[in-house]
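Note sheet for the following structure.
What you see is a predicted model, and the numbers here were worked out from it, not measured in a lab.
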2 protein chains.
Amino acid sequence: MADAPDPRVTRSRAAVLAAARDLLREEGPAALTHQRVAARAGVGRATVYRHWPQPEQLLTDAMAGVSMPFFLDPTTPVRAWLRQQLRVLADELVLPDVLAVTTSLLHGAVWQPAITERRDRLAAAMADRLRRALASAVHSGELRPAGDLDDAAALLIGPLLYRAVLEPRRPVPDTLIARLLDQVGAWADDGTS
Amino acid sequence: MADAPDPRVTRSRAAVLAAARDLLREEGPAALTHQRVAARAGVGRATVYRHWPQPEQLLTDAMAGVSMPFFLDPTTPVRAWLRQQLRVLADELVLPDVLAVTTSLLHGAVWQPAITERRDRLAAAMADRLRRALASAVHSGELRPAGDLDDAAALLIGPLLYRAVLEPRRPVPDTLIARLLDQVGAWADDGTS
DNA sequence: CTACTTCTGAGTCAACTTGTCTCATAGGAT
DNA sequence: ATCCTATGAGACAAGTTGACTCAGAAGTAG
């Protein structure tokens, strides 16, 4: 039972992680050295080494602080839920914290196996959630799909990702989201246009 | 007139850039230190410093070696040309060299102004080329657009980018590309289905 | 072929960073 | 009040960085 967490440990970890998140957002993952994080957190350098012997773990934990709870708990009608989820995703993706974590994840995944695994889990989770939600809509008769449901993640999230990382100054209009929705298939008219 | 390029300079630059590209592909931009590049290129460390005083320039030049000549010189019918361009783009994006440059570009653009500018130029060029090609198709009556042509880049390239950086093990089937094409608008029947 | 200019690579050097270790001390449990 | 443990300060060797020097090789011009 790890039931008695020393308050000092809790405090140190929190301060370091907050500093790491700030540095990640402001200057990118390369700034997450033990020294800089320790200085920013107002903490001894040795303390950072104690809790995170390898800088990679520090980056991982800092990224984990920004979670991505998208496409969870679908509601009916699925179309309205999906529209709202895509809207939220588009808006969140351009937030500095989220963008920093996203690009660091995509970038790090190319060369660091630990991050590759994280990325794969995220991608699989998103694809799976979307597939399930859409499958339920198909089952209930709300949606007549226009193609493989396994492609839905790429089709729906892809354009939002493109805007966030390649054209960050162009916001995603609601009309674009509507277009993405229509592309998934034919939706039964539910009055929400 | 810089008409007399010293062969020694040419040779050194070529060797260093080749080494830099290899390192970028194999280990990412963080590996592009003067020391490692010099060692890999079989060149003196001072030589690398002479030509690229700042490591950032070295990264930029190494990335420039992998160009992205997509969506150039549209032909008619535009639909067939676009399908072929998307096919090539999807296939190229997963190549190690291209993927390394792409993710480094997206990642670096978040914090390094020089790379931000590169990314913006690339994004603007792709959007512009696509917009022009589609506009000509509209003008010739080949395409009846289903929405803003300025969104075409995000709609067409976004899903391919998503697959490349988030689901690199899932190839892009031709059926997905066909789906992307149909989403741009209604194409006049040209017999190529 | 000779004399010149320029680039190269090896090396030195100080400043800095990294990872490890020690130790006095303060915060927190009992 | 007493013990325990995490902390922060600092020391330390090893490695890296960026700047510099210099002899010699490569290339050019006569």
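A donor-acceptor pair is defined here as one N or O able to donate and one able to accept, closer than 3.5 Å; no such pair exists between the side chain of A:Thr47 and the backbone of A:Val43. Side chain of B:Arg144 to backbone of B:Ala188: no donor-acceptor contact under 3.5 angstrom is found.
The phosphate of C:dC7 (OP1 or OP2) has no side-chain N or O of B:His51 nearer than 4.0 angstrom.
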Every protein N/O lying under 3.5 Å from an N/O of nucleotides 13-17 of chain C:
none

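Considering only residues two or more places apart in sequence or on other chains, B:Asp61 meets the salt bridge (charged side-chain N to carboxylate O under 4.0 Å, His left out) condition with B:Arg13. With sequence neighbours excluded, no residue forms a ring-ring contact (aromatic ring centres under 6.0 Å, His included) with A:Trp52.
Nearest heavy atoms, A:Gln85 versus A:Leu72: OE1-N, 4.1 Å.
Here the range on DNA chain D touched by chain A, meaning any atom under 4.0 Å from one of its heavy atoms, is D:dT5 to D:dA11.
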Trace of the side-chain contact (heavy atoms from CB on, under 4.5 Å) decision for B:Arg163 with B:Leu176 = CA-CA 11 Å; B:Arg163 276 285 155 89; B:Leu176 177 55; 3.9 Å; yes
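Under the 4.0 Å criterion applied to side-chain N and carboxylate O atoms, B:Glu26 and B:Arg21 are not assigned as salt-bridge partners. A salt bridge links A:Arg79 with A:Asp182: the distance from a Lys NZ or Arg NE/NH1/NH2 to an Asp or Glu carboxylate oxygen falls below 4.0 Å. For A:Asp120 and B:Arg169, the salt-bridge test passes: some basic side-chain N is under 4.0 Å from an acidic carboxylate O. For A:Arg131 and A:Asp128, the salt-bridge test passes: some basic side-chain N is under 4.0 Å from an acidic carboxylate O. Look at B:Arg119 and A:Glu167 and you find no salt bridge, because none of the NZ, NE, NH1 or NH2 atoms lies under 4.0 Å from a carboxylate O.
Within a 6.0 Å radius of CZ in A:Arg132, other residues, nucleotides and ligands contribute 12 heavy atoms or fewer.
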Which letter, B, S or -, goes with each nucleotide of nucleotides 21-30 of chain C from 5' to 3', with contact meaning a protein heavy atom under 4.0 Å?
-> B----BBSS-
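Rounded to 10°, the helix from C:dC1-D:dG30 to C:dT30-D:dA1 has 30° between the axis fitted to its first five pairs and the one fitted to its last five.
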